[in-house]
There are 2 protein chains.
Amino acid sequence: MATGRTHRPATRSRGIPEATVARLPLYLRALTALSERSVPTVSSEELAAAAGVNSAKLRKDFSYLGSYGTRGVGYDVEYLVYQISRELGLTQDWPVVIVGIGNLGAALANYGGFASRGFRVAALIDADPAMAGKPVAGLPVRHTDELESIISDNGVSIGVIATPAGAAQQVCDRLVAAGVTSILNFAPTVLVVPDGVDVRKVDLSIELQILAFHEQRKAGEETAEGAAAATPRPGAAAAPAAAGGRKGPDGDVPAVMPA
Amino acid sequence: MATGRTHRPATRSRGIPEATVARLPLYLRALTALSERSVPTVSSEELAAAAGVNSAKLRKDFSYLGSYGTRGVGYDVEYLVYQISRELGLTQDWPVVIVGIGNLGAALANYGGFASRGFRVAALIDADPAMAGKPVAGLPVRHTDELESIISDNGVSIGVIATPAGAAQQVCDRLVAAGVTSILNFAPTVLVVPDGVDVRKVDLSIELQILAFHEQRKAGEETAEGAAAATPRPGAAAAPAAAGGRKGPDGDVPAVMPA
DNA sequence: AACTGTGAAGAACTTCACAGCA
DNA sequence: TGCTGTGAAGTTCTTCACAGTT
C-alpha cells in the first residue's frame with residue numbers, strides 16, 4: 001500500500017517484484033516461528049498455509065530470490081530465514097527515530113517487533129518541551145530542536161512520523177534535510193518528498209473504511225437480491241442536504257506536537 | 001495488502017475493483033479538506049495531486065462509481081464527498097470494539113480519525129481484571145468475560161484486535177462467534193476465519209522491513225555506481241554465524257492480555 | 001513419490017490517448 | 001476551450017500445470 005510519490009520505477013538491479021517484497025516479512029515471521037520450534041524443513045504447502053498465502057505464489061516468490069529449496073524435500077528453515085533476512089537487509093542494524101510521542105508514538109516505542117528484527121530505536125523526539133527528558137520505553141524523550149544532530153550522530157536513515165497531521169510535512173522536511181531517506185508515516189496526510197526518498201503510509205482510519213465498505217456489501221446482499229432502494233443514481237443533485245455534517249476539525253491522530 | 005483468508009472473489013454486484021476501494025478513503029480525506037476550505041469544485045488533476053495519485057487513475061476510479069463530474073469543469077466537492085461516503089458505507093454509524101487495551105489499544109481508542117468518519121467505539125475490552133473499570137479515552141475498560149454480551153447488545157460487526165500475538169486467534173474466534181464479520185488485526189499473526197468474515201491486517205514491523213529493503217538497495221546503488229560513501233551507512237554487523245541469532249521470543253506487540 | 005522451479009496463460013491494475021460534452 | 005469518461009494498450013501480479021530433481 002501507499003508509497004506516496006517517489007517510488008523508484010522498480011526497475012534496475014535484479015529487480016524483485018514489489019508484491020513479492022511485501023510478502024517476504026510474512027514468510028520470515030512464519031519461518032521464525034518454525035525455527036523456534038526447531039522444525040528443520042518445510043514444504044511450500046505448509047509454509048504457505050502458515051503465512052496465509054497459496055503455495056504457487058510462495059514458490060514463485062522464492063524463485064526470485066534464487067533456488068533455495070530441495071525438490072522432493074522442501075526448504076531448510078534456518079537457511080531460508082537467513083536468506084530472506086539478508087535480502088530484506090535485516091542482517092544489519094537500522095537505527096530509527098520516532099517523532100511525535102503521543103499515544104501512538106509511545107505504543108510504537110514499546111513495540112517489541114522492531115528490536116527483534118534489526119531495528120533499533122535510536123531516539124524518541126517530541127515538540128512538547130514538557131515531554132523532554134521524560135522516559136518512554138526506557139528512552140528519554142528528546143526535543144525537536146535536537147532532531148538534526150540526533151539523525152547525523154546516529155546515522156539514522158529511517159524515520160517514523162507519529163505526529164498530528166498538521167506537523168507531519170514539516171517534520172518530514174526536516175528529517176529529509178537531515179539525511180533520512182525512508183519514512184514510515186502514521187499521520188493522515190500525503191507527504192511530499194524529493195526523489196530518492198521512500199514513504200510508506202499506515203492509516204488506521206483507512207483500513208476501517210475499507211472494512212466498512214465490505215461490511216456494507218454483506219449487509220446489502222442479505223436484503224437485496226430482490227428489490228428495494230437501489231442505488232439512487234446521481235442524475236440531478238439528488239444528494240440531500242448532503243455533505244453537511246462532515247465538517248469540523250479533522251481531529252485525527254492523537255499525540256502532542258503543535259503545528 | 002493483506003486480507004488474510006476469506007476475501008470474497010470480489011465478484012458479485014456491480015463490483016468496484018479492490019484497488020479502487022482502497023483509494024476511496026484517500027480521495028475522501030482530500031475532498032474533506034477542500035470542503036473545509038469551502039472550495040466548490042476540483043479538477044481531477046488538482047484532486048489527484050492532493051491525494052497523491054495520478055489523475056488518470058483517479059478518473060478511472062470515479063468512473064466505477066458513476067459519472068459524478070462535469071466535463072470542462074470538474075467535480076462538485078460536496079456532492080463527491082457525499083457519494084464516496086455513501087459508497088464506503090460511512091453514512092451509517094458503525095459501532096466498533098477494541099480488544100486489548102495496551103499501549104496500542106489505548107492509542108487507537110484515542111484516535112480521532114474514527115469518530116469523524118462514522119465509527120463509534122462501543123467498548124474497550126481487556127483480559128486483565130486490573131484494567132476493568134479504568135477509564136481510557138473516556139470509556140471504562142470492560143473485561144473479556146463481557147465480550148459476547150457487548151457485541152450483541154450493541155450490534156457490533158467490526159472488531160479491532162490489538163492484543164499480543166498469542167491471544168489474537170482466541171479473541172478472533174470469540175468475536176466471530178459473537179457475530180463480528182469484519183476484523184482489523186494489529187497482532188502479528190495470521191488469523192484463520194470462516195468464509196464471510198473479512199480480515200485486514202496492519203503490521204508495523206512489516207512496513208519497516210519493506211522500507212529496509214529499499215533502503216538497502218539505495219545504499220548498494222551508491223557505492224555500486226562507483227563513488228564514495230555518501231549516506232553514513234548503518235552499523236556493519238555482516239551476518240556472520242549465518243541464520244543463528246535470529247532466535248528468541250518474538251516479543252511483538254505491547255498490550256496486556258495473557259494468552 | 002514428493003516437491004520445487006518456472007514458462008505460459010490469465011486476471012487485475014495502471015496508463016495512454018482521445019472522443020465527447022459543457 | 002477545458003476537462004471528464006473510457007476503450008484499448010501496457011504493465012504487474014497471480015495462478016496453472018508440468019518438467020525437472022532428489
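Within every chain, numbering begins at 1; the chains are lettered A, B, ... in the order of the sequence lines, protein sequences first and strands thereafter. Here the structure is a predicted model, which means the values were calculated and not measured. These values consider heavy atoms only, across backbone and side chains, with no hydrogens, waters or symmetry-generated copies.
Residue B/Lys57 contributes atom NZ, which lies 12 Å from atom C1' of D/dT12 at whole-angstrom precision. Computed from coordinates, the B/Leu58 CG to D/dC3 P distance equals 14 Å when rounded to whole Å. Atom CD in B/Glu46 sits roughly 14 Å away from atom P in D/dG2 (whole-Å rounding). Between the CG atom of B/Leu80 and the C1' atom of D/dT4 there is a distance of 12 Å, given to the nearest Å.
In summary, the side chains of A/Gln169 and A/Thr189 do not present any donor paired with an acceptor at a separation below 3.5 Å, with no hydrogens or angles considered. A donor atom on one side chain and an acceptor atom on the other are found under 3.5 Å apart for A/Asp61 and A/Thr20. The closest side-chain donor-acceptor pair between A/Thr91 and A/Arg86, if any, does not fall under 3.5 angstrom. Residues A/Thr32 and A/Glu36 have side chains that never bring a donor and an acceptor to within less than 3.5 angstrom of each other.
The backbone N or O of B/Gly89 sits less than 3.5 Å from a side-chain atom of B/Trp94, completing a donor-acceptor pair. Looking at A/Ser43, its side chain does come within 3.5 Å of a backbone N or O of A/Glu46 through a donor-acceptor pair.
Note that the two end axes of the helix from C/dA1-D/dT22 to C/dA22-D/dT1 enclose an angle of 0°, each drawn from 5 base pairs, rounded to 10 degrees.
The existence of a salt bridge linking A/Arg59 and A/Glu45 is excluded, since no basic side-chain nitrogen approaches an acidic carboxylate oxygen closer than 4.0 Å.
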Subject >> Nucleic acid footprint by protein, nucleotides 2-9 of chain C - heavy-atom cut-off 4.0 Å, B for base, S for sugar-phosphate alone >> reply: BBBBBBB-
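Residues A/Tyr79 and A/Tyr68 place their aromatic rings such that the two centres sit under 6.0 Å apart.
Distances shorter than 4.0 Å separate some side-chain N or O of A/Asn54 from OP1 or OP2 on D/dT15.
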